[in-house]
Amino acid sequence: MKNNIYTEILLHESSEIIAIAEKVFRFERITPEEGLILFQKAELSLLGILANFVRETKHGDKTYFNRNFHIEPTNICIYNCKFCSYVRKINTEGAWEFSKEDILEKVKQYIGQPVTEVHIVGGVHPNRDLHYYGDILSEIKKILPNIHIKAFTAVELEFMIKKSKYSIEEGLKRLKEYGLDSIPGGGAEIFHPDIRSQVCDEKSSSENWLLIHETAHKVGLPSNATILYGHIENYSHRIDHLKKLRELQDKTGGFNTFIPLKFRKENNRLSHIEETSSVEDLKNYAVSRIFLDNFPHIKAYWPSIGKDIAQLSLSFGVDDIDGTIDDSTKIYSMAGAEDKNPKMTTEDLVLLIKEAKRVAVERDTVYNTVKIYN
Ligand code: V47
Ligand code: SF4
């Protein structure tokens with residue numbers, strides 16, 4: 001029956017698309033050229049079937065989430081990426097920096113609560129080095145000894161490690177000693193130099209982003225990866241990005257999750273660009289799932305994409321929807337995302353997953369199962 005339906009759908013596709021689809025069903029890796037063809041020519045319905053095939057082969061109906069909160073220590077940043085809505089210069093209106101005490105007070109609110117992860121990212125503050133942040137990490141671990149600390153994008157790491165005069169490897173090892181457990185996927189944006197030079201010229205190069213993640217994997221820190229899509233890039237730049245990630249993952253196996261981040265246009269210097277449609281967003285999740293055959297997980301980050309598309313994405317290759325968040329991030333509300341106070345209870349997340357006829361699995365950061373909600 002299922003085979004007949006697939007045949008019916010494939011009847012409407014060209015022979016080159018059918019050949020790619022057959023490769024996916026045979027568990028063969030698709031080439032960058034084939035990835036580009038999928039972006040350019042495949043119907044959304046077929047992409048959904050292929051991405052769902054890969055997703056269900058890896059995870060069945062399981063859909064992951066966690067109990068987490070964010071800390072954004074500062075929006076003061078030495079860089080000025082064109083897409084960034086929350087960056088401010090020191091001593092200007094709207095700039096914030098939480099003191100160590102403020103940060104630790106926030107952490108104390110979670111004593112006795114079943115959160116498993118704190119996600120810490122912010123601007124690249126000119127005066128803060130590795131030891132300043134390292135000290136905060138170790139204080140957090142004293143307050144919540146079992147919490148997993150996923151902290152600092154490669155861009156923040158590059159700066160603080162250099163400021164403290166360490167090599168990348170030594171710096172990451174020092175941070176691990178202070179309490180760092182893994183690295184989030186931010187700062188990747190778009191690796192292709194033609195686009196990177198136009199949207200975030202000054203900050204870490206793609207080579208350094210990849211090197212920092214490679215080194216993190218080497219010293220035992222797993223990480224995530226992102227792409228910022230839907231601004232001035234085209235499909236070939238997206239495929240170039242995915243190719244570089246797939247190659248690094250072949251080498252290290254240290255990435256857990258790939259998180260496509262949809263460009264949101266409010267309050268930044270790319271506001272003249274229209275945001276992508278939902279069809280484009282689903283297509284992007286699906287091609288990412290099909291192309292990144294060596295990434296265990298694809299995440300729809302609901303504070304950025306919205307709850308409805310996050311729910312739909314579960315049929316387009318996504319198996320993870322991030323976590324409870326607890327209204328602790330401003331990055332996306334300042335850039336125009338629908339949810340101005342992003343917060344979901346465990347019950348909300350489970351319901352969202354169950355409505356999509358999937359099985360909700362609470363996980364920790366590295367995908368150990370905490371609880372299955374049947
Ligand atoms: O690197 C900034 C992005 C990222 C905008 O690892 C924007 O689990 C869209 O990386 N429109 C930081 N995106 C957030 C991030 C992240 C989020 C959730 C989970 C994980 C994880 C990582 O936010 C930045 C940049 O790519 N960003 N401004 C904007 N206007
Ligand atoms: Fe700074 Fe990050 Fe904003 Fe770029 S995206 S300006 S690095 S805070």
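Each ligand, and each atom within it, is numbered from 1 in the order the structure gives.
The ring of His125 has its center no closer than 6.0 angstrom to the ring center of Phe159. When ring centroids are compared, Tyr229 and Tyr285 stay outside the 6.0 Å threshold.
Protein heavy atom closest to atom 22 (C) of ligand 1, with residue, atom name and distance, is His119 CE1, 3.7 Å. Protein heavy atom closest to atom 6 (S) of ligand 2, with residue, atom name and distance, is Cys81 N, 3.4 Å. When hydrogens are left out, the protein atom nearest atom 5 (C) of ligand 1 is Phe83 O, 3.9 Å; that is the closest non-hydrogen contact. Among all protein heavy atoms, the one lying closest to atom 11 (N) of ligand 1 is Arg264 N, 2.9 Å. Nearest protein heavy-atom contact of atom 17 (C) of ligand 1 is Tyr301 CE2, 3.8 Å. Given atom 21 (C) of ligand 1, the protein heavy atom at minimum distance is Ile259 CD1, 3.2 Å. Of the protein's non-hydrogen atoms, the one nearest atom 27 (N) of ligand 1 is Tyr332 OH, 3.7 Å. The protein heavy atom nearest to atom 10 (O) of ligand 1 is Gly186 CA, 2.9 Å. At the top of the distance list for atom 3 (Fe) of ligand 2, counting protein heavy atoms only, stands Cys84 SG, 2.5 Å. Scanning the protein for heavy atoms near atom 6 (O) of ligand 1, the closest one is Gly185 N, 2.8 Å. In terms of protein heavy-atom proximity, atom 2 (Fe) of ligand 2 is nearest to Lys203 NZ, 4.2 Å.
Atoms of ligand 1 found under 4.0 Å from any heavy atom of Lys262 (numbered from 1 in listed order, with element): 9 (C), 11 (N). Listed by number with element, the atoms of ligand 1 under 4.0 Å from a non-hydrogen atom of Phe263 are 9 (C), 11 (N). Residue Asn268 has at least one heavy-atom neighbour below 4.0 Å for each of these atoms of ligand 1: 30 (N). The Lys150 neighbourhood of ligand 1 comprises atoms 6 (O), 8 (O), 21 (C), with distances under 4.0 Å to a heavy atom of that residue. Which parts of ligand 2 touch Phe83 is read off a 4.0 Å heavy-atom cut-off, strictly below it: atoms 5 (S). For ligand 1, the atoms closer than 4.0 angstrom to any heavy atom of Asn224 are 6 (O), 8 (O), 21 (C). Taking a cut-off of under 4.0 Å to the non-hydrogen atoms of Glu189, the atoms of ligand 1 that pass are 1 (O), 24 (C), 25 (C), 26 (O). In the vicinity of Lys299, heavy-atom distances shorter than 4.0 Å reach the ligand 1 atoms 8 (O), 21 (C). Atoms of ligand 1 found under 4.0 Å from any heavy atom of Gly187, numbered from 1 in the order shown, are 1 (O). Those atoms of ligand 2 that come under 4.0 Å of a heavy atom in Tyr79, given as number and element, are 6 (S), 7 (S). Against a heavy-atom cut-off of under 4.0 Å, Gly123 is close to the following atoms of ligand 2: 8 (S).
Ion pairing between a basic and an acidic side chain is recognised when a charged N comes within 4.0 Å of a carboxylate O; Glu189 and Arg196 show no such pairing. Ion pair Asp339/Lys307 flagged as a salt bridge, since at least one NZ, NE, NH1 or NH2 atom sits closer than 4.0 Å to an Asp/Glu carboxylate oxygen. Taking the charged nitrogens against the carboxylate oxygens, Glu170 and Lys173 have no contact shorter than 4.0 Å, which rules out a salt bridge. Between Lys251 and Glu247 there is no salt bridge, since no side-chain N of the basic residue sits under 4.0 Å from a carboxylate O of the acidic one. Salt bridge annotation for Lys354-Glu347: absent, with no cationic side-chain nitrogen under 4.0 angstrom from a carboxylate oxygen. Ionic pairing of Glu34 and Lys23 is present here: one or more N-O contacts between side-chain nitrogen and carboxylate oxygen are shorter than 4.0 angstrom. Ionic pairing of Glu275 and Lys265 is not present here: no N-O contact between side-chain nitrogen and carboxylate oxygen is shorter than 4.0 angstrom.
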Stepwise salt bridge (Lys or Arg N to Asp or Glu O under 4.0 Å) test for Asp319 and Lys58
CA-CA 9 Å; Asp319 63 279; Lys58 286 182 188 290; over 6 Å; no
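A distance of 11.5 Å separates CG of Leu137 from OH of Tyr132, quoted to the nearest 0.5 Å. Here the CD1 atom belonging to Ile305 is positioned 7.5 Å from the CG atom belonging to Leu282, to the nearest 0.5 angstrom.
Taking 4.0 Å as the cut-off, Thr153 does not count as a neighbour of ligand 1 on heavy-atom distance.
A 6.0 Å sphere centred on NZ of Lys106 holds no more than 12 heavy atoms belonging to other residues, nucleotides or ligands. Atom CG of Asp308 is surrounded by 12 or fewer heavy atoms from other residues, nucleotides or ligands within 6.0 Å.
Around atom 15 (C) of ligand 1, the closest heavy atom drawn from Asn68, Val87, Leu261, Val121 belongs to Leu261.
Atom 4 (Fe) of ligand 2 does not have Cys77 among its coordinating residues (no N/O/S atom, backbone or side chain, under 2.8 Å).
When only modelled atom types and interatomic distance are considered, Glu156 and Thr153 share a side-chain donor-acceptor pair under 3.5 Å.
Contact annotation for Ala335 and ligand 1: only side-chain heavy atoms (C-beta onward) come within less than 4.0 Å of the ligand.
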